[in-house]
Protein chains: 2
Amino acid sequence: MIRIGKLAHQSQVSRDTLRFYEKHGLITPSARTDAGYRLYAESDIKRVGFIVSAKKVGFTLNEIQQLLQLEVTKDIKSCQDVKEFVDHKIQLVNEQLTETRRIKKSLETLSEACCGGDEPATQCTILDTLNR
Amino acid sequence: MIRIGKLAHQSQVSRDTLRFYEKHGLITPSARTDAGYRLYAESDIKRVGFIVSAKKVGFTLNEIQQLLQLEVTKDIKSCQDVKEFVDHKIQLVNEQLTETRRIKKSLETLSEACCGGDEPATQCTILDTLNR
DNA sequence: CTTGACTCTGGACTATACTCTAAGGTTTAT
DNA sequence: ATAAACCTTAGAGTATAGTCCAGAGTCAAG
């Protein structure tokens, strides 16, 4: 059983973040010392690792909570359940990608129409476009 | 001079949003009635249009504030200034795009390694991967 | 036995962009 | 004249993901 500082160091997150995750139901230390210090067991450490990994692939904390539900109840869940969850997230990411690409194109169109020269911007095509 | 409700309707934003923009220095009505009602002049209406257009191409409110600065002082600004601003934003969008693509790929790798079948998820490659 | 490192809690603060509510005043239409 | 529609302000709430701080308690080492 380790204390919060050590876990924070090991997991490369801050103590505050661990407490924040706890407040949001992602990880609860298995025990406390008499003085109230959090004590994390091996399984807790793994759980934090899971959270960190899931963050790295783009899951939100909310999604991670659902993933942890799947992980904990994996014996009554199927691979299909897990894969569907991931595929749903891929869909969301694709939608975001589409929107960001649209924005990129709009901006590029804006930029390309502009001479970018020393001229005063009184007739700048960018400003003109935004004014319509 | 029109009141907030009409402007909101015309500009397709809520009254609250207009007041929110005002609080954040994006748009201030040119006048007020004796009763304190906001009165928007033609130039104010244009300004809101500018804000809405800029939002549509992905600028944040903070960036729009800077853009409005450029717009208002356009006679002492060059096309270069404006274009540089847009090009900088394109860079930011490109970085976001790169990150979102990375996430997409990670998720796809995760998904592809999973059988997605009826099997219990006890050996699910997705959960296994996140546990490392 | 005291100093420094560590931990606790609760709550404020950051950034982004609103949205909603309460309690009241004003204007317009009937 | 009165009701509906519109407007005002201040402030709280939403979602996301933390970060920081104060004031206090705990623990290990010299």
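We name chains A, B, ... by the order of the sequence lines, and we start the count at 1 in each one.
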Chemist: Tell me, for nucleotides 14-22 of chain D in 5' to 3' order, what letter each nucleotide earns: B for a base near a protein heavy atom under 4.0 Å, S for only sugar-phosphate near one, - for neither?
Modeler: ---BBSB--

Chemist: Would the distance check show the side chain of B:S111 and the main-chain N or O of B:L107 forming a donor-acceptor pair, the cut-off being under 3.5 Å?
Modeler: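 Checking the backbone N and O of B:L107 against the side chain of B:S111, no donor-acceptor pair under 3.5 Å is found.
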
Chemist: As an exercise, state the distance from OG1 of A:T17 to CG of A:L61, rounded to the nearest 0.5 Å.
Modeler: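 The OG1 atom of A:T17 sits 9.5 Å away from the CG atom of A:L61.
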
Chemist: Give a yes or no on whether A:Q66 atom CD has more than 12 heavy-atom contacts from other residues, nucleotides or ligands under 6.0 Å away.
Modeler: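 Count over threshold, so yes.
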
Chemist: Compile the donor-acceptor pairs under 3.5 Å between side chains in residues 68-79 of chain A and protein atoms, sequence neighbours left out, one pair per line.
Modeler:
from: A:E71; atom 1: OE1; to: B:N131; atom 2: ND2; distance (Å): 3.1
from: A:E71; atom 1: OE2; to: B:N131; atom 2: ND2; distance (Å): 3.2
from: A:T73; atom 1: OG1; to: A:Q69; atom 2: O; distance (Å): 2.7
from: A:T73; atom 1: OG1; to: A:K77; atom 2: NZ; distance (Å): 3.1
from: A:S78; atom 1: OG; to: A:Q80; atom 2: N; distance (Å): 3.4
from: A:S78; atom 1: OG; to: A:D81; atom 2: N; distance (Å): 3.3
from: A:S78; atom 1: OG; to: A:D81; atom 2: OD2; distance (Å): 3.3

Chemist: Under the side-chain contact (heavy atoms from CB on, under 4.5 Å) test, which residues partner B:L92, sequence neighbours left out?
Modeler: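 If we apply the side-chain contact (heavy atoms from CB on, under 4.5 Å) test to B:L92, skipping adjacent residues, the hits are B:E63, B:H88, B:E95.
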
Chemist: Do A:T100 side-chain atoms and A:Q96 backbone N/O form a donor-acceptor pair below 3.5 Å?
Modeler: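 It does hold such a pair.
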
Chemist: Does B:R38 make a side-chain N or O approach to OP1 or OP2 of D:dC7 shorter than 4.0 Å?
Modeler: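 No.
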
Chemist: Are the side chain of A:R47 and the backbone N or O of A:L26 linked by a donor-acceptor pair below 3.5 Å?
Modeler: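 Between the backbone of A:L26 and the side chain of A:R47 there is a qualifying donor-acceptor contact (under 3.5 Å).
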
Chemist: Going 5' to 3' along DNA chain C, which nucleotides are the first and last within contact of chain A (any atom under 4.0 Å from a heavy atom)?
Modeler: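 In short, chain A contacts DNA chain C from C:dC6 to C:dT9.
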
Chemist: Using atom types as modelled and distance alone, determine if a side-chain donor or acceptor of A:D44 lies under 3.5 Å from a backbone N or O of A:P29.
Modeler: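 Such a contact is absent between A:D44 side chain and A:P29 backbone.
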
Chemist: Is a donor on one side and an acceptor on the other found under 3.5 Å between the side chain of B:T33 and the backbone of B:A35?
Modeler: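 Between the backbone of B:A35 and the side chain of B:T33 there is a qualifying donor-acceptor contact (under 3.5 Å).
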
Chemist: Produce a footprint string for nucleotides 24-30 of chain D: one letter per nucleotide, 5' end first; B if the base is under 4.0 Å from any protein heavy atom, S if only the sugar-phosphate is, - if neither.
Modeler: -BBS---

Chemist: Does anything in residues 21-50 of chain B pair up under ring pair (Phe, Tyr, Trp, His ring centres under 6.0 Å), and if so which pairs, sequence neighbours excluded?
Modeler: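 Non-adjacent pairs meeting ring pair (Phe, Tyr, Trp, His ring centres under 6.0 Å): B:F20-B:H24.
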
